[in-house]
**Q** 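Sharing a structure with you now.
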Amino acid sequence: MEKHAGFMKALKCRECGREYPLIANHVCDFDFGPLEVVYDYERIKHTLTRAAIQTRPKSMWRFRELLPVAGDPTVGLEVGCTPLIKADRLARRLGIRELWVKNDTVNYPTLSFKDRVVSVALSRARELGFTIVACASTGNLANSVAANAAAASLKAYVFIPADLEQSKVLNSLIYGATVVGIKGHYDEVNRLCAEIAGKYPWAFVNVNMRPYYAEGSKSMGFEIVEQLGWRIPPHTVVCMASGSLLTKIHKSYQEAIKMELAPEVHYRVHGAQATGCSPISTAQKAGLDFFKPVKPNTIAKSLAIGTPADGFYALKVMKETNGCADDVTDDEIREGIKLLAECEGIFAETAGGVTVGVAKKLIASGSIPADDAAVLCITGNGLKTLDAVAGHAGYTREIKPSLREFENLLEAETRSPSRA
Ligand SMILES: *Cc1c(COP(=O)(O)O)cnc(C)c1O
């Protein structure tokens, strides 16, 4: 065991249970299973109480004992504690009694849930002595690595598919990161990054640092539990790219129960994908334990991973919690974005449209009962995927700067308000 490991005990293979030292390593030498951080829960129980948490600053680090850094975090100290909104208007539209939106469109500093995982990965990378960080990304991760690395004086290389949304590309370049666009889809980017990570002594947040990185997602679940008054919601709907966030929401609920922060209840975790890249939801609907890789073709580029690294475990979580999965078309994604915007004043990116669209389907089919309560995890900001809704969001009424023209317009609008 490392001398200064904080509350961490080891890295442990999810398949065979072999333990490894707490270094930058993500795969078991024996069966190639993924490594996961294990904690000293007995010790954590003494300090991580509801009362203690409530006195701490409003950031994801109020749950620091269950986040994998040895000392005090040094990157992303302001991340997290995003609003949990009671979405009554959206609830009525979707036909459910109680609905909440966990709004990570306003996460700090780069407007997506990825700020959570990056804050953990870069804090840990610094502890391990790295000065160069990198990632394979569908966009939001690149933005967050670039921004947080800049603020932490770390050099950043970010690798993305070359055909990403312009806004996601610019939102990485602006921070001075070296942005490498790969002519290929995400799975090819990821494969190249695995090769580079084997050759260069860099902290690849979602390759060799993945066990630490992935734990950051738990903070979204912890915050939901605290914001609901220390209870676990009966239904949580999560969109899936690699499937990691979904598995970590489940892990956060398990840990909240284990640490006696929330009473043990039966809860279900549901997964959402885009029809144009739905390896996990397709397998879930067919009742399979394994997914079949696909070639992505969807406007939800942030979720476009055809070979999801945690797909197998996401399927397992849905099976264990009796959760469901479904997927939605590009038109349904846009409709989901509009619905959330018009009902709640929240502009989500395409991934949010996926979550809303799938929630709507699951409620309509009775998979989420109408008299129950659900939380939707909204993970990214619509200002980064404007192209996806351009031409689908209504139109501007153009007039000359005259009161008369305006009043003519007003009259026409009252006569036929449906033109929007
Ligand atoms: C990365 C991402 C996700 C989910 O990622 P996982 O790989 O499944 O953890 C969801 N929404 C947005 C906006 C993302 O960028």
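Heavy-atom basis, side chains included; hydrogens, waters and symmetry copies ignored. Each ligand, and each atom within it, is numbered from 1 in the order the structure gives.
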**Q** Take T178 and K155 through the test side-chain hydrogen bond (donor to acceptor under 3.5 Å, both in side chains) and record every step on the way to the result.
**A** CA-CA 8 Å; T178 302; K155 166 94 187 120; 2.9 Å; yes

**Q** Quick one: look at S242 and ligand 1, take heavy-atom pairs under 4.0 Å, and tell me if it's side chain, backbone, both or neither.
**A**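 For S242, the contact with ligand 1 is made by both the backbone and the side chain.
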
**Q** Name the residue from V180, V189, V179 that meets the side-chain contact (heavy atoms from CB on, under 4.5 Å) definition with I160.
**A**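 That would be V179; it is the only one of V180, V189, V179 passing the side-chain contact (heavy atoms from CB on, under 4.5 Å) with I160.
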
**Q** Distance under 4.0 Å to a non-hydrogen atom of E349: what atoms of ligand 1 satisfy this?
**A**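 Under 4.0 Å from E349, ligand 1 has these atoms: 13 (C).
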
**Q** Can you tell me how far apart CG (L376) and NE2 (H235) are? Round to the nearest 0.5 Å.
**A**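 Taking CG in L376 and NE2 in H235, the distance rounds to 12.0 Å.
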
**Q** With rounding to the nearest 0.5 angstrom, report the CG to NE2 distance, N322 to H270.
**A**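 It comes to 8.0 Å.
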
**Q** Quick one: which ligand 1 atoms are inside 4.0 Å of a heavy atom on C239?
**A**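 Answer, ordered by atom number: 10 (C), 11 (N).
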
**Q** Does the Lys NZ or Arg CZ of R397 fall within the cation-pi geometry relative to Y395 - under 6.0 Å from the ring centre and within 45° of the axis?
**A**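 Ring-cation test returns yes.
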
**Q** Relative to atom 11 (N) of ligand 1, which among T379, D310, D104, I305 owns the nearest non-hydrogen atom?
**A**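 Nearest option to atom 11 (N) of ligand 1, by heavy atoms: T379.
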
**Q** Check for me whether K258 meets the cation-pi criterion with Y41, that is, NZ or CZ under 6.0 Å from the six-membered ring centre and within 45 degrees of the ring axis.
**A**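 Yes; both conditions hold, so K258 lies above the ring face of Y41.
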
**Q** If we set the cut-off at 4.0 Å for heavy atoms, which region of L245 has an atom near ligand 1: side chain, backbone, both, or neither?
**A**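 Within the 4.0 Å criterion, L245 contacts ligand 1 through backbone and side-chain atoms alike.
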
**Q** Using a plain distance cutoff, I'd like to know if S112 has any nitrogen or oxygen under 3.5 Å from a nitrogen or oxygen of ligand 1.
**A**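 N/O-N/O distance below 3.5 Å does not exist for this pair.
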
**Q** Applying a heavy-atom cut-off of 4.0 Å, say which part of K248 lies close to ligand 1: side chain, backbone, both or neither.
**A**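 For K248, no heavy atom sits under 4.0 Å from ligand 1.
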
**Q** Kindly confirm or rule out an N or O of G243 lying under 3.5 angstrom from an N or O of ligand 1.
**A**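 Yes; at least one N/O pair falls below 3.5 Å.
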
**Q** Starting from atom 4 (C) of ligand 1, what is the nearest protein heavy atom, named by residue and atom, and what distance separates them?
**A**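 Heavy-atom neighbour on the protein nearest atom 4 (C) of ligand 1: F113 CE2, 3.7 Å.
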
**Q** Any idea which protein heavy atom is nearest atom 5 (O) of ligand 1, and the distance to it?
**A**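 For atom 5 (O) of ligand 1, the nearest protein heavy atom is A241 CB, 3.6 Å.
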
**Q** Should E226 and R62 count as an ion pair when the cut-off is N to O under 4.0 Å?
**A**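 Yes, charged N to carboxylate O under 4.0 Å.
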
**Q** Could you check if a side-chain atom of I305 sits within less than 4.5 angstrom of a side-chain atom of D187, using non-hydrogen atoms only?
**A**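 When only atoms from C-beta onward are counted, D187 and I305 do touch, with a gap below 4.5 Å.
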
**Q** Among protein heavy atoms, which sits nearest to atom 1 (C) of ligand 1, and what does the distance come to when rounded to 0.1 Å?
**A**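 Its nearest protein heavy-atom neighbour is K114 NZ, 1.3 Å.
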
